[in-house]
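Take a look at the structure set out below.
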Amino acid sequence: MAENLVTAIFSMDIKDQIHTNLLPKHLAIIMDGNGRWAKQKGKLRVFGHQKGSEAVKQVVEGCAELGVKNLTLYAFSTENWNRPKLEVQMLMRLLISSLKKEIKTLLDNNIKLNAIGNLKDLPVKVYKELMDVIEITKSNTNLTLTLALSYGSRDELINAIKQISIKVKNNIISPEKIDESVINEHLYTQNLPDVDLLIRTSGEQRISNFLLWQIAYAELYFTNVFWPDFTKQHLYEAIVNYQKRERRFGKTSEQLS
Ligand code: IPE
Ligand code: IPE
Ligand code: MG
């Protein structure tokens, strides 16, 4: 009881420190540490993935409540296909059940689901479920939740270069006209703004082939918390930390004030 009270007071505190007019327009998260979390508890990795999907719900709701407009979650990388077959299978199954289970959360919070990555590589059942939920939520406007699935940034860039090359070959674009906006339009993230804040959990400090182009000027936030333990409070802490930073975009501090 007393502990609950302390938690409640603490949570009020940290949430109240957030300036809602300075929220990241696009928050991206590398949800890492499910396996180590489970191992620490003497359980199988898959148990960590299950717990991890519950953390997703917390963070998605947290973002919707705050008014963050775009949240992108790295759920499965192109490199993750190289994991043991059974783990990949379990992750795909979990994806289907989570999508089914969370339709209500998405609708209740006016959230639009989106997906980026080499989606055609997903098992048909996953792909279908994903497309169904995207269709059902397509008119929602509060938050765009993008799942990066079978996503690799290099794969995305190769895909963009191929598409642009074909257009150049067919005289649809002239090479001189290729600029940042042309590249942006050919990425999976074409309708999303640049990432403002990138969070990675679990203590690893690397990007692991995630949104390389889109994080060019993102603020990076690393936390040791394993993903299954990540709560709304951790989200608030990351945003408060982000809001204290000075984003100079190459200018001097004096120029900004
Ligand atoms: C992140 O947790 C989830 C996925 C990559 C699918 P991990 O499974 O990478 O957990 P660790 O890094 O092995 O602890
Ligand atoms: C990155 O995590 C991919 C996801 C979180 C989905 P990994 O655990 O696969 O990354 P590395 O291999 O440790 O860099
Ligand atoms: Mg990992």
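Source: prediction; values computed, not measured.
Within the 3.5 Å criterion, the main-chain N or O of R206 finds a donor-acceptor partner in the side chain of R200. Checking side-chain atoms of K138 against main-chain N and O of K112 turns up no donor-acceptor pair under 3.5 Å. Side-chain atoms of H26 come within 3.5 Å of backbone atoms of P193 as a donor-acceptor pair (strictly under, hydrogens ignored). Side-chain atoms of E87 do not come within 3.5 Å of backbone N or O of P84 as any donor-acceptor pair.
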Run V56 and M31 through side chain to side chain contact (heavy atoms under 4.5 Å, CB included) and show every step you take.
CA-CA 9 Å; V56 170; M31 311 181 289; 3.7 Å; yes
Given the rule in the side chain to side chain contact (heavy atoms under 4.5 Å, CB included) test, do I136 and L106 qualify, once you have shown the distances and angles that lead to the verdict?
CA-CA 10 Å; I136 294 169; L106 298 179; over 6 Å; no
Determine, step by step, whether S181 and N184 satisfy the side chain to side chain donor-acceptor pair (under 3.5 Å) criterion, reporting the C-alpha distance in whole Å, the side-chain angles of both residues, the deciding distance to 0.1 Å, and the verdict.
CA-CA 5 Å; S181 67; N184 277 327; over 6 Å; no
Evaluate the criterion side chain to side chain contact (heavy atoms under 4.5 Å, CB included) for residue pair L27 and C63; output intermediate values, then yes/no.
CA-CA 9 Å; L27 167 64; C63 284; 3.7 Å; yes
Please determine whether side chain to side chain contact (heavy atoms under 4.5 Å, CB included) holds for the pair N109 and E61, giving the CA-CA distance in whole Å, both sets of side-chain angles, and the decisive distance to 0.1 Å.
CA-CA 7 Å; N109 291 282; E61 282 178 351; 4.1 Å; yes
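In this structure the side chain of T72 reaches within 4.5 angstrom of the side chain of F210, judged on heavy atoms. At least one side-chain heavy atom of L122 sits under 4.5 Å from a side-chain heavy atom of L149.
Contact record, D32 with T201: O-OG1, 2.7 Å, taken as the closest heavy-atom pair. Pairing each heavy atom of R45 with each of A38, the nearest pair is CA-CB, 4.0 Å. Considering every non-hydrogen atom in both L73 and L71, the closest pair reads CD2-CD1, 3.9 Å. Contact detail for T20 and L66: the closest heavy-atom pair is CG2-O, 4.1 Å. In plain terms, the two heavy atoms of P228 and G48 that are nearest each other are CG-O, 3.7 Å.
Taking the six-membered ring for Trp and the full ring otherwise, Y217 and F249 have centroids separated by under 6.0 Å.
When only modelled atom types and interatomic distance are considered, S153 and W213 share no side-chain donor-acceptor pair under 3.5 Å. Side-chain contact check for H234 and Q58: no donor-acceptor pair (N or O, by modelled atom type) lies under 3.5 Å. No donor-acceptor contact under 3.5 angstrom links the side chains of N209 and Y74, judged on distance only. Side-chain contact annotation: D108 with T105, donor-acceptor N/O pair under 3.5 Å absent. Side-chain polar atoms of T141 and N110 form a donor-acceptor pair below 3.5 angstrom.
Salt bridge K57/E54: absent, no basic N to carboxylate O contact under 4.0 Å. With salt bridges taken as basic N to acidic carboxylate O contacts below 4.0 Å, one links R36 and E204.
Two different hydrophobic clusters hold M92 and V46 under the rule that ILVMFWY side chains link at heavy-atom gaps under 4.5 Å. A chain of hydrophobic side-chain contacts below 4.5 Å, direct or via other Ile, Leu, Val, Met, Phe, Trp or Tyr residues, connects L113 to I103.
Just one residue in the list Q17, E219, H19 forms a side chain to side chain contact (heavy atoms under 4.5 Å, CB included) with Q243, and that residue is H19. The ring pair (Phe, Tyr, Trp, His ring centres under 6.0 Å) test with W37 is passed by exactly one of W227, F226, F47: F47.
Other residues, nucleotides and ligands place no more than 12 heavy atoms under 6.0 Å from the NZ atom of K51.
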